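Everything below concerns the one structure shown next.
Being a predicted model, the structure only gives us computed values, none of them experimental. Heavy-atom basis, side chains included; hydrogens, waters and symmetry copies ignored.
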Amino acid sequence: MRRPDLRERLTEDLRKQWHIGDADSTELIMAKVLTQLERVIARYPDERIGEVARIHYNMSADPAFQQAAYGDRVAELHKRLGDGYSAQSVRRGLSGLLRDVEVSLTEPSPRIPLGELHAVMERERDPAADFRRAVRDLHRPEAPARRAVDAFLSALVHVPHDAADAPTVVHTASLGPWVLAFTQRAWLDDYHRRAGSPPFRASHRMPGLELLRLLTERHPDVGVLVDPSADRDPDPTETTSLPPRVIREIIEAN
């Protein structure tokens, strides 16, 4: 599962089954695949089966396994844990597991919470991986926008709410309706101070993806302004806008 073409290695049906969207980064796809496979492994009380499965699918976070070919991973497992993990034992242990993985693909798979996926991504990340990703992104013009969207979906943002406990919709004369989201509470308070507007009734902190899903249900024609400024001449690099069309595309992909 540790390969840059992981998306292409998964069938379209499997991507749908595991809630893998077109906008998902390779890092997020790997986190989703790893988490779904761990669900199947958890059915086995025998810890040896789990060890074998993680070697087979290259799920271990141990660098000694991550960069090794399959045969080398099995050899390393045998060296560390003894005869119960010989190549022959691994093959026997895999037979039942692989059948269970196939069966699991016919069952509804739960959508993994973003917080859990984010934790997996943090655990898996290493400094060299960030460098390799940056080099690949030099040749992909869409990469910066995709990274920004991925970061927003998993980020916790402060969203003003109205008396009905729904995200407050702000109407503008020329740009239409928007919901405001702030990556820091202090910026929300500063916006009120500079705009001279009365304080919102309340604000809630939620993942960006949760906000977008809420909007598609309650306000499908409303966009999101992230870290807007009340200044007359704001720095355009500090504010991000997600129009309704973009929000729909993100939700369809996630």
Looking at Glu12, I want to see if its CD is surrounded by more than 12 non-hydrogen atoms of other residues, nucleotides or ligands under 6.0 Å.
no
Where is the tightest heavy-atom contact between Thr168 and His161, given as atom of each residue plus distance?
OG1-C, 3.0 Å
Residue of the set Leu28, Leu6, Leu14 for which side chain to side chain contact (heavy atoms under 4.5 Å, CB included) holds with Val33:
Leu6
Report yes or no: does Lys32 contribute a side-chain atom to a donor-acceptor pair with the main-chain N or O of Leu117 at less than 3.5 Å?
no
Measure the shortest side-chain to side-chain distance between Ser109 and Arg39 over non-hydrogen atoms and say whether it is less than 4.5 angstrom.
yes
Do Pro228 and Phe182 make a side-chain contact, defined as non-hydrogen atoms from C-beta onward lying under 4.5 Å apart?
yes
N-O pairing of Arg248 and Glu252 below 4.0 Å
no
Any sub-3.5 Å donor-acceptor pair from Glu217's side-chain atoms to Leu212's backbone N or O?
no
Answer yes or no: does atom CZ of Arg9 have more than 12 heavy-atom neighbours from other residues, nucleotides or ligands under 6.0 Å?
no
Same cluster for Leu153 and Ile251 if Ile/Leu/Val/Met/Phe/Trp/Tyr side chains link at under 4.5 Å?
yes
Just wondering, do Gln17 and Gln36 contact through their side chains at under 4.5 Å, heavy atoms?
no
Can you confirm whether the side chains of Asp227 and Thr183 place a donor and an acceptor under 3.5 Å from each other?
yes
Side-chain heavy-atom pair Trp178, Leu242 within 4.5 angstrom cut-off:
no
Of the non-hydrogen atoms in Ala31 and Met121, which two are nearest, and what is the gap between them?
CB-CG, 3.7 Å
Any salt bridge between Glu249 and Arg245, counting N to O under 4.0 Å?
yes
Could you walk me through whether Val226 and Phe152 pass the side chain to side chain contact (heavy atoms under 4.5 Å, CB included) check?
CA-CA 9 Å; Val226 185; Phe152 174 77; 3.6 Å; yes
Quick check: closest heavy atoms across Pro220 and Pro244, and the distance to 0.1 Å?
O-CB, 3.6 Å
Take atom CG in Asp189; do more than 12 heavy atoms of anything else shown fall under 6.0 Å from it?
yes
Minimum heavy-atom separation for Ala181 and Val159, please, with both atom names.
CB-CG2, 4.3 Å
Nearest 0.5 Å, what's the NE2-CG distance between His158 and Leu211?
13.0 Å
I want to check something: taking the side chain as every heavy atom from C-beta on, are Arg205 and Val157 in contact at a cut-off of under 4.5 Å?
no
Please report the shortest heavy-atom distance between Asp162 and Pro167, naming the atom on each side.
OD2-O, 4.2 Å
Check whether any side-chain heavy atom of Glu27 sits under 4.5 Å from a side-chain heavy atom of Met30, and report yes or no.
no
From Ile29 CD1 over to Arg7 CZ, what is the distance, rounded to the nearest 0.5 angstrom?
3.5 Å
Correct closest heavy-atom pair for Asp24 and His19 would be OD2-O, 4.0 Å
Asp22 side, atom CG; Ile250 side, atom CD1 - distance, nearest 0.5 Å:
12.0 Å
Is there side-chain contact between His219 and Pro177, with at least one heavy-atom pair below 4.5 Å?
no
Flag the pair Pro207 / Leu156 as yes when at least one side-chain heavy-atom distance between them is below 4.5 Å, and no otherwise.
yes
